[in-house]
Amino acid sequence: MRAGGKPQRRPGRRQGRRRLAASCALLPLLAAAPVTAGTAFTIAEQPLGSALLDLARQSGRDVLFRPELVRGCRAGPLAGVTDFETALGRLISGCHLRYRLGDGGAIELERASPTPATPAVAPAAGQLPEVLIVKAPYHGTPPAEITATALTDGLTTADLHDGADRTLAESLGRLAGVNVLVTSLQGDLGGIDRAARGEGQFAAVRGLDSAYAVTRLDGVSVAQSMPYSRAVQLSLLPPLAMDGVELTKTPDAHDDGDATAGQFDLRLASALEGGEHTRLLVQGNLDERSASLGRPSGGGLATVDVARQFGRDHSLGLAVTGYYGRNRFASVEQSYQSTQLEYRLVDASGQTPAGMDPARNLLATSLNVQYSEGETRRWGGSLAGDWQPSDTFRAFAHVTVATADTDQEVYQMGFQGGRDPSFITRVALGNGLYENRSVKTQVHYWFETNPDTATLGTAQLGADWHTGALTLSPRLFYTWGENGRPQHIELSFWNPTGTTVNQGLSLGHQAGYPVVAGPAGALAMADDVDSLPVSNRGQITSLSSRQDRLGGALDGKLALGPDATLEAGVKITDSRRDSYRRDQEGQLVGGRGAVDAGTTVAGLAAVGLRAGTLTAPLAGIYDFAFPLINADRLAQLYRQRDGTATWTADAWNGNTLSGGERTVAAYAQARLTWDDFALLPGFRAEFSDLTNRYWLSGDNGVPTGGVNYGWNESGSRFTALLPRLLARWQPDERATYRAAVWTSQTAPSPYQLAGNATATQDSDGVLTVTRGNPDLKAVDGLNFDLSGAWAWGDGPGSGDDGRLELALFHKRLKNYLYDAGGGLAVGSPTSDAQVRLSIPTNGGTARLTGAELSVDQGLASVADTLRDFHLAGTLSWETTAVRLNSPDLNAVERVQYAPRWLAGVQLRYDSGALHLALDYRWADDYVQSYGTAFVSGGGTTMAGSGLDTWVHPTRRLDLSAGYEAGGGLSARLTVRNLGDALAYRTSVGRHGDAVVQTISAGRSYELSLQQEF
């Protein structure tokens, strides 16, 4: 198990349990009992890791190694050999390994050097363990084996391959304290339509969204290309693309300063690790809801992984991986129209009466029944070249790239009963209170595409050079990322008179879903959807956001003695961010739209836009018919017919941002050990300089009235001085204790600092200028961690071995900024005569306190018949409080994305070639957005913490089964969301049930075959 990490699978599979050693954690194969002297060892042909486990059991000797050393290696059959060293030598002969006698008589395996291997001997006096660093070069990302003082959690290759997860974000939800988000508030790249894909998009760690976490790919801090924040979209990576993931929860001075929540290290295999191999994997998948509705439902994934080593001593290695996959999705969405909700009972001022819970006093005045379908295509790969001519030098060149393209169509039958004040009336109840009622209902049929593209890549050159007591690791890197919405197009059918009924909207409930109870006239219109007339004849929105980051770093280690090492380094990065969003409804600016005015839904067939009809996406609850539309043909018609549409300077430039960010960082820390105690004091300093260029809309670039319309520039600087102290005490091999006190700093996003600057003027002549705030402060974090890990039992394979880990943490964040999506976070208006300025401001202090428990227990102690079963689980608890300093909200709020409880349970069965697992995950409810002020359709200003939007508890049960057929062939079957639980449900108000949103996405199935040569 990785230090401080998640309980792993039995070592009879692809890994064993790791011992926590001071210099480096190696994998022990602990024997149950030695065989009688002279007895011959008998070991079948199998993966090398499993063969070494058998040898350890039969010999009673401890054999220690890193899992990556044997990955991909196979051992031939062994029989008739009675000498341990002879048996060991034969097993490892094909994997370019050597062994030596370690402390306590254990046998340690290492990567063989170009010089002839020497017999196993005791290490010379004063020999420094840092020589093993060269054997496992980290390219700027020291693994847990070296930085064992840090609290880390991780997923192995087997964990990632065996789960039923579609995205890497979902896989991360298996780690304690990680909350998987199916959507965010990222404006055009978030919202309920993204949630309708039914898959994990982002990962929040310890109650902080992904903007507060650092993501590193192959050792490089990746580009942050989301347009509105510093988040990284982890849904673009399939789990099969990774060779392991590590989450560091207590970063040391070497790690980036903005890892307030933690740091994800996405690992790729080195070309010199794992031996020569060729792996081919083919996977087929099926989306059950798509299939049940007769829609395209199949997909698949293919991967190839090839590694070769060259030279007499295998000193040069090349590894190539590639993958291409696609999966379909379909879901039923139920939502409400933005702002179409009211207080049901109000006083004379239009507000909820005193003493009444606002969330239980809500009236939904709209209902949107939606059907969504689409396809996501993911492809990418990596190229790694590693050269190690000696034990003291290694050079590498690595390139990785990952891309995800999604096509999505969304259809909506909408019933709007609160579109504007004319739709709402107040009826006096005679006791000083009034009741809001809907008096009109408007029917809409609406179609949109919701595509997006995401790309993430890294390239790096580096080396590790070891001479005497000094190790130097220089490197150069380039990373790029892009998120976009290349061609979002909309088409709607309604009009103010023909699709409006002069009766109010009435809603009921059925099986947990809101349904339309009346008026009958509106339901009749919905049933006759083909007669609805066109309104918006075509509107295209395009968005693109890209960041390119170039940098270099130099890390050094100096061994001051057997028990002290000094580490220091410097890193410089220079990045550029470019983003834009352009939106045009052609018929309003001189264009003709995709279809002619007066066209009905039925008329779409004549111009080639009809693509069939979907009936009853949720039978018995929503039985509406949805005419389907050809999205490609719609975009083609729009481009052909809208050539006369014009762009103003404001429309073209109004949401454009470009700028740069240069960061210089330096650190120093000392790694000190005293027998079973290790201390890591350190200090990190970072300086960031941001410049932004943006457009201020309002007068098409012509300065007027003292307002500088057009292009503007702003700049911000941040300095972080970050002391950090980590400690570890390991009184024996079965217990490890860690403590950490560390500081962090997360800067605002470039969008918040510059922003989508606009200016509007109301009927009273008041000019409102909305812009970013270059004076925003960074979020400063003070973090405390205390943890322990305990192991017991007779060793791996005994059937009763177990492990428990408990971590306690507390975070204090100053100048907290929350996620307000595409809007300006924590907006604060100030007035000056006829000009009003609205800018984002910092909130107050946030406090987060929690505990995380992980356990893995073999069940042999319950009954011998259960010796092949393991029960593993995680449980996280957290309490949060934040002062947002907002007049609209309570003095103290819950932190966003922070469930009080998270839990996961897995029951595994591993016997010979057969592996089965049931995996259940549950997340408590949490705040998604705060109830800041808005004006309802009826004209009432509504605000307050009672109107916070809450995500309801989520659950998912997965089933996986694997079989290793021998000869390198294996098969795997998974069922995702076996219990058909909802993917997403929110409500305005924690316990409200009137204003809700729901996503039902169904089950999916995967069958894969892998052949290893």
Side-chain angles (χ1 to χ4, degrees), residues 186-189 211 224-230 483-484 541-549 574-584 646-663 687-719 747-762 765-778 815 817 820-842:
Q186 292 292 311
D188 298 281
L189 295 179
Q224 301 163 332
S225 56
M226 291 295 288
Y228 308 116
S229 80
R230 295 184 178 274
N483 287 87
T541 303
S542 295
L543 177 149
S544 176
S545 178
R546 179 183 175 100
Q547 186 183 53
D548 294 84
R549 183 184 294 174
D574 197 353
S575 66
R576 179 172 178 81
R577 173 83 70 115
D578 293 284
S579 64
Y580 68 83
R581 178 184 182 276
R582 297 187 178 113
D583 183 4
Q584 186 181 73
T646 60
W647 288 93
T648 65
D650 280 351
W652 184 261
N653 298 316
N655 290 277
T656 301
L657 169 69
S658 63
E661 181 175 4
R662 175 169 292 178
T663 301
F687 174 78
S688 299
D689 187 3
L690 289 83
T691 58
N692 285 303
R693 185 171 183 262
Y694 60 93
W695 180 271
L696 177 61
S697 297
D699 198 23
N700 287 312
V702 179
T704 305
V707 179
N708 187 34
Y709 297 112
W711 292 111
N712 286 262
E713 294 183 351
S714 67
S716 304
R717 292 183 176 182
F718 300 97
T719 300
S749 72
Y751 180 87
Q752 291 172 313
L753 294 168
N756 168 15
T758 59
T760 57
Q761 192 170 42
D762 63 21
V766 176
L767 183 71
T768 299
V769 178
T770 303
R771 65 165 177 81
N773 182 4
D775 297 323
L776 280 176
K777 298 177 182 178
N815 305 318
L817 285 170
L824 294 169
V826 203
S828 175
T830 59
S831 295
D832 181 11
Q834 294 297 303
V835 177
R836 176 190 243 198
L837 181 65
S838 182
I839 61 175
T841 58
N842 288 99

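Atoms considered below: every heavy atom in the structure, side chains included; atoms not considered: hydrogens, waters and symmetry mates. Numbers for residues simply follow the sequence, beginning at 1.
A side-chain donor-acceptor contact under 3.5 Å links Thr704 to the backbone of Val702. Between the side chain of Thr691 and the backbone N or O of Gly715 there is no donor-acceptor pair closer than 3.5 Å. A donor-acceptor pair is defined here as one N or O able to donate and one able to accept, closer than 3.5 Å; no such pair exists between the side chain of Arg693 and the backbone of Glu713. Looking at Asn700, its side chain does come within 3.5 Å of a backbone N or O of Asp650 through a donor-acceptor pair. At distances below 3.5 Å, at least one donor-acceptor pair connects side-chain atoms of Asn842 with backbone N or O atoms of Lys777.
Residue Ser575 forms a side-chain contact (heavy atoms from CB on, under 4.5 Å) with just one option from Gln224, Gln547, Arg662, and that option is Gln547.
Among all heavy-atom pairs drawn from Phe718 and Pro748, the shortest one is CZ-CD, 3.5 Å. Summarising the geometry of Ala747 relative to Ala778, their closest heavy-atom pair is CA-CB, 3.9 Å, with the distance given to 0.1 Å. Heavy atoms only, all atoms of each residue included: Tyr709 and Asp699 are closest at CD1-CB, 3.4 Å. Of all heavy-atom pairs between Leu696 and Asn708, the closest is CD2-O, 3.5 Å.
How far CZ of Arg717 is from OG of Ser688: 11.0 Å, rounded to the nearest 0.5 Å. From Asn483, atom CG reaches atom CG of Leu543 across 8.5 Å, with rounding to the nearest 0.5 Å. To the nearest 0.5 angstrom, Ser697 atom OG is 6.5 Å from Asn655 atom CG.
A 4.5 Å side-chain heavy-atom check between Thr656 and Trp711 finds at least one atom pair inside the cut-off. The shortest distance between side-chain heavy atoms of Phe687 and Asp689 falls below 4.5 Å. Using a 4.5 Å heavy-atom threshold, the side chains of Tyr228 and Leu189 count as separate. Here the side chains of Arg549 and Glu661 are not in contact, with every heavy-atom distance at 4.5 Å or above. In this structure the side chain of Asn712 reaches within 4.5 angstrom of the side chain of Tyr694, judged on heavy atoms. Put simply, the side chain of Arg230 reaches to within 4.5 Å of the side chain of Pro750, judged on heavy atoms.
For the residue pair Ser545 and Ser225, no side-chain donor N or O sits within less than 3.5 Å of a side-chain acceptor on the partner.
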